[in-house]
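All remarks here apply to the structure that follows.
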Amino acid sequence: MEESIFQPYLATKSIFRMDREILRPSYIPDKLPHREDHIEQLAQILAQALKGERPSNVLIFGKTGTGKTAVVKYIENEFRKADAARMVHYLYMNCEIVDTPYGVLQGIGNRFIENFNQRIPFTGLSTDRVYNLLVEKLDEEKRVVIIVLDEIDKIVLKNGDDILYQLLKINDDLSRARVSLIGISNDLKFTEYLDPRVRSRLSDEKMVFPPYNAEELRDILTERARLAFDNGAAPEAALSLIAALAAQEHGDARRALDLLRVSAELAERNGDDRIAEEHVQRAKNKIELDTVIEAVKSLPTQSKLILLGILLNEEVGNTKLTTGEVYTTYRELCRRTGISPLTQRRVTDLISELDMLGLVHARVRSFGRGGRTKEIQASVPLLDVKKVLEKDELLAEVRGYRLKVQTTLI
DNA sequence: TGTCCACTGGAAGGGAGGGCTT
DNA sequence: AAGCCCTCCCTTCCAGTGGACA
């Protein structure tokens, strides 16, 4: 066969044993190290459902990557196995993606509607209508419905607790079906935003998932590495390093697994047969940069313009900016690109969004007579991000544009 | 001690885009 | 076609504010 340019890459022997899905956070292994107790506790509560009774509502707390979602999905699989007759419906919903009351009701409802044409549309009906439709659908049969609301704090923060109130009292409107809720939150304080009645009904049972420490992370990595790699491809030293790095980042197991996967990919691409410390360090940098670049790419144009404005200032040595300065630069960029400018009020909000995404630092500071404003600073690598921004066709007019250096008088 | 700057961030509301109901 | 309803993105309006300075 003729040599193709792909040949060298195909020839390198993969250090992954089979598909690398095993290292993705979405993969649910048969064993979740250091979460056995939580699984058991949750199983005990939810087992009621198999007797046809409504289990208690559960609230689960824990930071990202502490295994909340994994445990909940694990239980879902167990229900699949145990409940052949499908009396128990277990449905998972992420409130960060579906973040409106309407969306949640619609999402739940559609799980019970097989006929595509009868599905609840994503807009158009009144929320009450959708609720009634949902009640009607659920009550068609005697069944127990367990609804998992992941990132439940997101929806409460945005829309208040009306939707939870509605879902909690849905059992009063049902005669045959029964509904239980499992809420998952990153934020321990989130119940403070709830109406006391909602709070007490929602948290019949509470569970807290503590962050993993380095040792526990190493166990998790070892377990996964055993499945994913051939012997020796992931030496203990490498796993320990990854565990240590991830433990520094608040014990996030998802981070640890990502780091392992990317380290392995880098080792493989390099033609090495095992993961070395160097691969781990490079993987760490790569992940950090990739995350930022992805976030920047998916920004709406207006936010890109604002971010570019902040970076252009940084380029000329102006690192700490006020809202006013950012807005002035932004207006200039709008003028040059022909994009119609937003009001300063809106731009403040967009700056706050950039802050939440971790792309800039913005904190409110008072300069006395100089007024009270945000102090804004980019927190992304200037050159890499600028390159990404300038790829946007809408920003073509300002490619290579530089700000004039301020002549400081003093 | 009070003033006053440059905003902040809440509230209300408009209107576009989507889609059902009658 | 007219009348609703929902969400998203945005504008307008504005009371409120931390702290350097007079």
Side-chain angles (χ1 to χ4, degrees), chain A residues 93-110 112-113 115-137 149 151-152 154-167 192-193 295 298-307 309-310 313 318-335 337-357 359-377 392 394 406 408-410:
Chain A
M93 190 161 294
N94 190 321
C95 300
E96 191 169 22
I97 301 163
V98 186
D99 61 353
T100 62
Y102 184 97
V104 169
L105 294 176
Q106 182 228 7
I108 301 168
N110 278 341
F112 294 94
I113 302 174
N115 186 336
F116 192 80
N117 294 321
Q118 289 171 14
R119 293 199 140 219
I120 304 169
F122 69 90
T123 173
L125 300 180
S126 73
T127 310
D128 280 351
R129 221 22 242 298
V130 179
Y131 176 80
N132 291 330
L133 233 64
L134 177 62
V135 168
E136 198 181 302
K137 269 287 161 195
L149 298 174
E151 319 239 13
I152 195 171
K154 297 278 157 48
I155 199 166
V156 172
L157 216 60
K158 226 185 136 197
N159 301 286
D161 55 8
D162 291 359
I163 175 66
L164 296 183
Y165 184 76
Q166 225 170 1
L167 284 176
E192 286 171 19
Y193 308 115
S298 59
L299 246 30
T301 309
Q302 296 285 5
S303 298
K304 283 185 180 170
L305 226 42
I306 295 167
L307 182 59
I310 296 169
N313 272 289
N318 210 352
T319 47
K320 287 184 178 169
L321 304 163
T322 64
T323 302
E325 286 166 329
V326 172
Y327 191 65
T328 311
T329 317
Y330 161 80
R331 289 292 292 235
E332 177 61 19
L333 291 175
C334 283
R335 202 180 58 75
T337 50
I339 293 168
S340 49
L342 302 173
T343 55
Q344 183 162 325
R345 178 67 187 83
R346 180 69 187 135
V347 169
T348 333
D349 280 346
L350 293 179
I351 291 172
S352 299
E353 272 175 38
L354 290 175
D355 181 39
M356 281 196 287
L357 287 169
L359 300 176
V360 305
H361 281 302
R363 62 191 186 105
V364 182
R365 251 193 85 177
S366 179
F367 297 87
R369 272 263 162 108
R372 190 169 167 268
T373 176
K374 281 198 181 84
E375 189 177 73
I376 302 146
Q377 213 174 344
D392 191 312
L394 293 167
Q406 295 264 325
T408 7
L409 311 162
I410 286 165

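Letters A, B, ... mirror the listed sequences (proteins, then strands); counts begin at 1.
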Checklist entry - Tell me: CZ of A/Arg365 to P of C/dT17, nearest whole Å? => result 20 Å

Next on the checklist: For a quick test of reading the model: is some side-chain N or O of A/Thr323 closer than 4.0 Å to OP1 or OP2 of B/dC7?
Outcome noted: no

Checklist entry - Which residue, A/Arg369 or A/Arg372, contacts DNA chain C at a nucleotide closer to its 5' end, judged by nearest heavy atom? => result A/Arg372

Next on the checklist: Check the phosphate of B/dC20 against A/Ser126, side-chain N and O only, distance under 4.0 Å to OP1 or OP2. Yes or no?
Outcome noted: no

Item to check | Whole angstrom value for the distance that separates P of B/dG18 from CD1 of A/Ile120 | outcome: 20 Å

Item to check | Interatomic distance, A/Ile163 CD1 vs C/dC6 P [rounded to whole Å] | outcome: 13 Å

Next on the checklist: Base, sugar-phosphate or nothing for A/Arg129? Non-hydrogen atoms, less than 4.0 Å.
Outcome noted: sugar-phosphate

Next on the checklist: Suppose we call a contact any N or O donor and acceptor under 3.5 Å apart; does that hold for the side chain of A/Arg345 and the base of B/dG10?
Outcome noted: yes

Item to check | Spacing of A/Asp355 atom CG relative to B/dT8 atom P, expressed in whole Å | outcome: 12 Å

Checklist entry - Hey, does A/Leu105 have a side-chain heavy atom less than 4.5 Å from the side chain of A/Leu167? => result yes

Checklist outcome for this item: From the candidates B/dT8, C/dT11, B/dG19, the one with an atom nearest any side-chain atom of A/Pro121 is B/dG19

Checklist outcome for this item: When rounded to whole Å, the OH to C1' distance for the pair A/Tyr327 and B/dA6 reads 15 Å

Checklist entry - Could you give the NZ-to-P distance, from A/Lys374 to C/dT17, as a whole number of Å? => result 17 Å

Checklist entry - Heavy atoms, side chains only, cut-off 4.5 Å: are A/Ile306 and A/Val360 in contact? => result no

Item to check | Nucleotide nearest A/Leu125 (side chain, heavy atoms from C-beta), chosen from C/dT12, C/dT7, B/dC20 | outcome: B/dC20

Checklist outcome for this item: The residue, A/Ile376 or A/Ser366, whose nearest nucleotide of DNA chain B is more 5′ is A/Ser366

Checklist entry - Are any side-chain N or O atoms of A/Asn132 and backbone N or O atoms of A/Asp128, one a donor and one an acceptor, separated by less than 3.5 Å? => result yes

Next on the checklist: Between P on B/dG10 and CD on A/Gln344, what's the gap in Å once rounded to a whole number?
Outcome noted: 16 Å

Checklist entry - What does A/Ser352 touch in the nucleic acid at a heavy-atom separation under 4.0 angstrom: a base, only the sugar-phosphate, or nothing? => result nothing

Checklist entry - A/Thr348 side chain N/O closer than 4.0 Å to the phosphate oxygens (OP1, OP2) of B/dG9? => result no

Checklist entry - Nearest-Å distance, CG (A/Leu105) to C1' (C/dC5)? => result 14 Å

Item to check | Any side-chain heavy-atom pair of A/Leu354 and A/Leu299 under 4.5 Å | outcome: yes

Item to check | Minimum-distance nucleotide to A/Gln302 side chain [options: C/dC10, C/dT7, B/dT21] | outcome: C/dC10

Checklist entry - Quick check: does any side chain N or O of A/Gln377 sit under 3.5 Å from a backbone N or O of A/Ile310, one acting as donor and the other as acceptor? => result no

